[in-house]
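Below is one structure, written out as structure tokens, with a few remarks after it.
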Amino acid sequence: NQAVAVKSNGQVEAVTATTTFSNPVTSSGFVQLADRSTQSTYWNDTTYDASTECLVMATTSGSNGIHIYVGTVTAGGISWGSKNSFNTSQAYREIKITADGNGKVALTSHEASTWGNVRLWIGTINSSSKTVSWGSDTVYGNAGTSGNHLSKPVWTTTNNLAIGRREQVNSDNLIIEAFQISGTSITNNNHQHVITQAEGPPSLAYRNGKLVSVNRRRSNAGMDIRVANVASDGGLTWGNLYNRTGMHPNMQAQSVTFVGHDERFLVAFRDNTAGRGFSRIYSWTGSGAPNVSVTGSDTYYTPSGTAGSNARVYYDDNLGRVVLAYREVVNGQQHGIIKTGAVSGTSITWDNSTTPLAVRNTTNNSDMEETMNLAHDTTRNRGILSSRGNSGSTTTNDYSSHFLDVSTTSTNGQSFIGFSKGAYTNGQTATIAVTGNTTTQSSLTPGSRYYIQKNGSLATTSDHTPNVDAGIALSSTKLLIKG
């Protein structure tokens, strides 16, 4: 027995929800992490875990270790827990963290005083206590050469990780290393793969057995891309190196994301030669050792004359669009700019005519920093853009997270008239139980008032305004319509 609405022609239809992309993207507010107001958060990263509905933020400053904050995310905001710190006598840099979507996070950083000591921890999230329980760390890399410029850890096949790093001191090699994970324990089989020579942090992405690595090349300031086949044990088999010349990627990390579930991925970064934000969709051929296929066309995500620095991207499977955030100066201050792009085959289309959403922390008059990061709240299908601030009028270290509504969901529920008394197909004559009648439902709580949701289901709270009153439950199976 479905909730039904009346159409303008007098016919009825099921109450349904329709989701479309927002243009421009809108912001439903931001939450500030006040605990960092007097402590630097320059090295920072965040990740969203769907199973616990938590945002986990990792930061480090000075010689006082690593600090972790866990916040439970709801539609209305983030409830941050207290600071959890460890290794408080050690200085760290280049901190990166990634959730696996099942309550586990991988955290990597390197000791600022010892270039070779790159460390990896695995932790489990406790959403009730808003803490992370960490296992023992492992040191990886080649002592004395591993340096900075770390990628975010990427979860590949079940219980396997890949991390990219640039060995700065001697060779400038870009190394991708694979790890096996069991609980919070780490097995490092020294699976190190030399990809190319790099400058700046690499960017990795994984989907359906393929790992993509993108980086700025050291020698000619071009861009290198390689694709690997990932085995069930996390082992990597790399295809040939593709080097894109004729451009000058920004020193900050290029950003890469898979688009759809087939053999396509998008690369985005600031091209210093053109002075604009660049993007392109690539593919690959072959299965054992996949080689990059240059099938798309160059597309700029910023209008001429705008920089498009520090790009961050993810692909929204529900909308079939790429969500992009980058930094841009607006009215003299650095803002986070957010827009979405439409993917069709090997083409990406950005709307550069509509003024995009621009956000910053207005409470403390703060710029968005170059270390800003973009997370995908998959539970509510929205973006979360987080950054420490600088040049603040009251603080230089505030940390804020902005909620990005990349989609809009509409409903015909405002025209609700009652419930069907059976299942009907298009064109049939339907019998509708209206106000004052009862309808048979399931799992009701007697005495509770129920509301029509955007998708036509029932709940004791409404998911939109104005509320659409469905009725009062007389029993676990009977609802008095608009009682």
Side-chain angles (χ1 to χ4, degrees), residues 1-7 11-20 28-29 31 48-55 70-81 99 101-103 124-131 317-318 376-382 384 403 405 407-426 428-483:
N1 297 337
Q2 282 187 290
V4 298
V6 63
K7 298 194 294 186
Q11 295 179 343
V12 296
E13 62 182 356
V15 174
T16 57
T18 303
T19 300
T20 58
S28 51
V31 173
Y48 178 78
D49 181 70
S51 66
T52 59
E53 297 189 37
C54 287
L55 191 70
V70 178
T72 51
V73 180
T74 63
I78 304 171
S79 175
W80 287 106
N102 295 300
T124 54
I125 302 168
N126 187 319
S127 58
S128 299
S129 62
K130 299 177 183 176
T131 58
D317 287 292
N318 297 302
H376 185 191
D377 178 355
T378 53
T379 308
R380 281 153 287 272
N381 199 40
R382 63 182 178 182
I384 303 178
F403 302 112
D405 296 325
S407 62
T408 301
T409 302
S410 60
T411 179
N412 58 351
Q414 298 301 323
S415 300
F416 167 74
I417 60 169
F419 292 84
S420 65
K421 299 194 96 176
Y424 302 97
T425 58
N426 188 36
Q428 286 187 301
T429 300
T431 301
I432 309 298
V434 296
T435 302
N437 290 280
T438 61
T439 180
T440 300
Q441 300 294 322
S442 62
S443 303
L444 303 176
T445 301
S448 294
R449 183 173 295 276
Y450 283 82
Y451 299 92
I452 302 295
Q453 306 300 289
K454 289 180 181 179
N455 62 3
S457 62
L458 295 176
T460 54
T461 57
S462 178
D463 65 352
H464 63 292
T465 56
N467 299 336
V468 178
D469 191 356
I472 294 178
L474 302 179
S475 70
S476 62
T477 58
K478 289 295 181 184
L479 183 78
L480 179 62
I481 302 172
K482 288 190 176 180

*What pair of heavy atoms forms the shortest contact from G103 to S51, and how long is it?*
N-OG, 2.9 Å
_Under the rule for side chain to side chain donor-acceptor pair (under 3.5 Å), what residues qualify as partners of T460, not counting sequence neighbours?_
none
*Would a 4.5 Å heavy-atom cut-off, applied to side chains only, mark E53 and T72 as touching?*
no
_Test side chain to side chain contact (heavy atoms under 4.5 Å, CB included) applied to N318 and T19, step by step_ = CA-CA 9 Å; N318 297 302; T19 300; over 6 Å; no
*State, with a plain yes or no, whether a side-chain heavy atom of I417 is found less than 4.5 Å away from one of V4.*
yes
_Residue pair F403 / I78: nearest heavy atoms and the distance that separates them_ = CZ-CG1, 3.5 Å
_If I compare all heavy atoms of V468 with all of H464, which pair ends up nearest, and what's the gap?_
CG2-NE2, 3.8 Å
*asked:* Taking S127's backbone N and O only, do any of them form a donor-acceptor pair with T52's side chain (distance below 3.5 Å, no angle check)?
replied: no
*Given salt bridge (Lys or Arg N to Asp or Glu O under 4.0 Å), test D469 with K482 step by step and report yes or no.*
CA-CA 6 Å; D469 191 356; K482 288 190 176 180; over 6 Å; no
*Any idea which heavy atoms bring I452 and A3 closest together, and the distance?*
CD1-CB, 3.8 Å
*Rounded to the nearest 0.5 Å, what separation is found between the CG atom of N102 and the CD1 atom of I125?*
10.0 Å
*With sequence neighbours excluded, tell me which residues meet side chain to side chain donor-acceptor pair (under 3.5 Å) with S129.*
N126, T131
*Does G413 offer a backbone N or O that forms a donor-acceptor pair with the side chain of Q453 under 3.5 Å?*
no
*Give a yes or no answer on whether the side chain of D49 reaches the backbone of G101 with a donor-acceptor pair at less than 3.5 Å.*
yes
*Could you tell me the separation between the CG atom of D377 and the CD1 atom of I384, rounded to the nearest 0.5 Å?*
4.5 Å
*Using a 4.5 Å cut-off on heavy atoms from C-beta on, say whether the side chain of H376 contacts that of N381.*
yes
*Write down the atom of Y48, the atom of A99, and the distance for their closest heavy-atom approach.*
O-CB, 3.7 Å
*Separation between CD of E13 and OG of S420, rounded to the nearest 0.5 Å*: 13.0 Å
_Is the shortest side-chain heavy-atom distance between R382 and V73 below 4.5 Å?_
yes
_Within-4.5 Å side-chain heavy-atom neighbours: T18 and T409_ = no
*For T408, which residues count as a side chain to side chain donor-acceptor pair (under 3.5 Å) partner, sequence neighbours excluded?*
S22
_Run the side chain to side chain donor-acceptor pair (under 3.5 Å) test against K130 and tell me which residues pass, sequence neighbours left out._
S79
*Taking atom CD of Q2 as the centre, report whether more than 12 heavy atoms of other residues, nucleotides or ligands fall under 6.0 Å from it.*
no
*Rounded to the nearest 0.5 Å, how far apart are OG of S442 and CG of L458?*
9.0 Å
_pair V434-I481: side-chain heavy atoms closer than 4.5 Å_ = no
*asked:* Nearest 0.5 angstrom please: T431 OG1 to N437 CG, how far?
replied: 11.5 Å
*For L479 and A473, work out which heavy atoms get closest and say how close.*
CD1-N, 3.6 Å
*Say you draw a straight line from CG of L444 to OG1 of T477; how long is it, rounded to the nearest 0.5 Å?*
7.0 Å
*Quick one: does V12's side chain get under 4.5 Å of K7's, heavy atoms only?*
no
_Listed partners of D463 passing salt bridge (charged side-chain N to carboxylate O under 4.0 Å, His left out), at least two apart_ = none
*For F419, ring-ring contact (aromatic ring centres under 6.0 Å, His included) partners two or more places apart*: F416
